[in-house]
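Some notes on the structure that comes next.
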Amino acid sequence: MQDYFTRVLDYGDLPSQDSEGWRILLRNLDLAVISGGQTFPTVDGMLIFGANPGRFLPQSGIRAICYPGEQPEYTTRADQSIKGPLVPLRARNGSLVEIGVVEGAWDFVRRNTEPFSYLDGPVRVDRWEFPEEAVREVLINAVIHRDYSIAGTDVTLLIFADRLEVHSPGRLPNTVTLEGMKSGMRYARNQTLVNVMRDYRYVDARGMGIRSKVIPAMLAHNGTEPDLIEEEHRFIVRLRKA
């Protein structure tokens, strides 16, 4: 939290350690609440800054699986449960303590997809099977907009031979439609998560990631648009290789 307030937000003087000033500051930002006369972290506060969020929120994190074929099967190339805070945690001296769920998920994609090269005239072009900007945006949207009241299931990242899918638990909010997302409609199920992730520059200030990032990145990458699929208990974004 000290890293967030000093490096990210460029706060001035912070309260002394373990003081009432810290508790007031965290409550004002909806990162903590008072219950029974004591201060406790909110769900958002635990997800962002908790050293071990999975202890109290088992549904936090991302389950990442890479299959060798085009359908789910028993055999996998990789299967990882990515847990921890949403953002990288740093110690007081600036050293990295944990890379965070979002960075861990992108690292999984990098390790389980293959870069390829081609010639554009005399110039060699190297790129991954999926554009980084699109993958990151889909992963970030999934963890900040999912319904955390649904226990027992993580956000799911699936890599197949022909596509990448991210499944986010919970339906879209009542006012949001698939066409609205494509046209740039903004919404936030968990506004505090959105605010802090925006401070860390994971979230665009405009809040129109599907329209302004994912769709253009995929069209430029291979001429395809993402599939947006709403099911009864989850929302799916599918990126195709070709």
Side-chain angles (χ1 to χ4, degrees), residues 31 40-87 89 98-109 111-113 130 134-160 163-178 181 187-194 196-197 202-203 209-210 214 226-240:
L31 298 173
F40 295 94
T42 61
V43 169
D44 293 341
M46 181 63 67
L47 287 169
I48 299 166
F49 298 117
N52 185 15
R55 177 184 175 188
F56 303 98
L57 299 167
Q59 67 271 36
S60 66
I62 296 177
R63 174 75 181 279
I65 305 174
C66 179
Y67 294 102
E70 297 182 2
Q71 298 297 328
E73 53 187 272
Y74 183 76
T75 303
T76 64
R77 287 174 50 191
D79 188 340
Q80 181 181 351
S81 181
I82 303 170
K83 296 291 186 179
L86 296 186
V87 299
L89 289 191
E98 291 190 60
I99 65 171
V101 167
V102 173
E103 299 300 330
W106 170 244
D107 181 64
F108 182 89
V109 174
R111 287 185 284 106
N112 290 284
T113 54
F130 303 97
V135 175
R136 280 184 172 274
E137 185 68 20
V138 172
L139 289 170
I140 292 166
N141 285 347
V143 295
I144 66 174
H145 294 307
R146 68 152 289 175
D147 186 346
Y148 282 98
S149 68
I150 300 176
T153 179
D154 293 339
V155 168
T156 306
L157 164 64
L158 304 175
I159 301 176
F160 298 93
R163 68 192 186 278
L164 178 151
E165 294 182 359
V166 176
H167 300 192
S168 181
R171 295 177 60 88
L172 294 174
N174 292 336
T175 58
V176 179
T177 64
L178 299 181
M181 294 181 68
Y187 74 98
R189 190 194 303 274
N190 308 301
Q191 187 61 56
T192 302
L193 289 183
V194 174
V196 176
M197 296 294 277
Y202 280 103
V203 176
I210 294 294
V214 181
D227 296 327
L228 308 179
I229 305 165
E230 184 179 18
E231 297 184 349
E232 184 176 0
H233 299 297
R234 62 182 179 178
F235 175 64
I236 301 171
V237 179
R238 178 180 297 143
L239 309 180
R240 298 185 180 275

Identify the heavy atoms of [X] and [Y] that sit nearest to each other, and give their distance.
| X | Y | result |
| --- | --- | --- |
| Gly84 | Val101 | O-CG2, 3.3 Å |
| Val143 | Val102 | CG2-CG2, 4.2 Å |
| Arg136 | Tyr202 | NH1-CE2, 4.2 Å |
| Leu157 | Ala105 | CD2-O, 3.9 Å |
| Ala64 | Ile82 | CB-CD1, 4.0 Å |

Look up atom [atom1] in [X] and atom [atom2] in [Y], then write down how far apart they are to the nearest 0.5 Å.
| X | Y | atom1 | atom2 | value |
| --- | --- | --- | --- | --- |
| Cys66 | Arg111 | SG | CZ | 10.0 Å |
| Leu158 | Gln71 | CG | CD | 11.0 Å |
| Leu86 | Ser60 | CG | OG | 8.0 Å |
| Thr76 | Tyr67 | OG1 | OH | 7.0 Å |
| Glu98 | Glu103 | CD | CD | 13.0 Å |

**Report entry** ring pair (Phe, Tyr, Trp, His ring centres under 6.0 Å) against His145, all qualifying residues, sequence neighbours excluded
**Finding:**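 Here the qualifying residues are Tyr187.
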Report task. Applying ring pair (Phe, Tyr, Trp, His ring centres under 6.0 Å), name anything that partners Phe108, two or more places apart in sequence or on another chain. Result ->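 Partners of Phe108 by the ring pair (Phe, Tyr, Trp, His ring centres under 6.0 Å) criterion come out as none, since no residue qualifies.
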Query raised in the report: Just wondering, do Thr42 and Thr192 contact through their side chains at under 4.5 Å, heavy atoms?
Result: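 Of all side-chain heavy-atom pairs linking Thr42 with Thr192, none is under 4.5 Å.
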Query - Side-chain heavy atoms of Asp79 within contact of Ile65, under 4.5 Å - result: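 Yes, at least one pair of side-chain atoms sits under 4.5 Å.
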Is it true that a side-chain atom of [X] and a backbone atom of [Y] form a donor plus acceptor pair closer than 3.5 Å?
| X | Y | result |
| --- | --- | --- |
| Gln59 | Tyr148 | yes |
| Asp154 | Thr156 | no |
| Asn141 | Gly209 | no |

Return a table of donor-acceptor pairs under 3.5 angstrom between the side chains of residues 228-239 and protein atoms on other chains or two or more places apart.
| from | atom 1 | to | atom 2 | distance (Å) |
| --- | --- | --- | --- | --- |
| Glu230 | OE2 | Leu172 | N | 3.3 |
| Glu231 | OE1 | Arg234 | NE | 2.6 |
| Glu231 | OE1 | Arg234 | NH2 | 3.1 |
| Arg234 | NH1 | His167 | ND1 | 3.0 |
| Arg238 | NE | Glu165 | OE2 | 2.7 |
| Arg238 | NH2 | Glu165 | OE2 | 3.1 |

Exercise answer: donor-acceptor pairs, residues 44-55 side-chain atoms, under 3.5 Å, sequence neighbours excluded:
none

Report task. Give the C-alpha distance, both sets of side-chain angles, the deciding distance and a yes or no for side-chain contact (heavy atoms from CB on, under 4.5 Å) between Glu70 and Arg163. Result -> CA-CA 8 Å; Glu70 297 182 2; Arg163 68 192 186 278; 4.2 Å; yes
Query raised in the report: With Arg240, which residues qualify under salt bridge (charged side-chain N to carboxylate O under 4.0 Å, His left out), at least two apart?
Result: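 Once residues adjacent in sequence are excluded, the partners of Arg240 under the salt bridge (charged side-chain N to carboxylate O under 4.0 Å, His left out) criterion are Asp227.
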Query - Residues which pass side chain to side chain contact (heavy atoms under 4.5 Å, CB included) with Pro68, listed by chain and number, not counting sequence neighbours - result: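 For Pro68, the residues satisfying side chain to side chain contact (heavy atoms under 4.5 Å, CB included) (neighbours in sequence not counted) are Glu73, Arg77.
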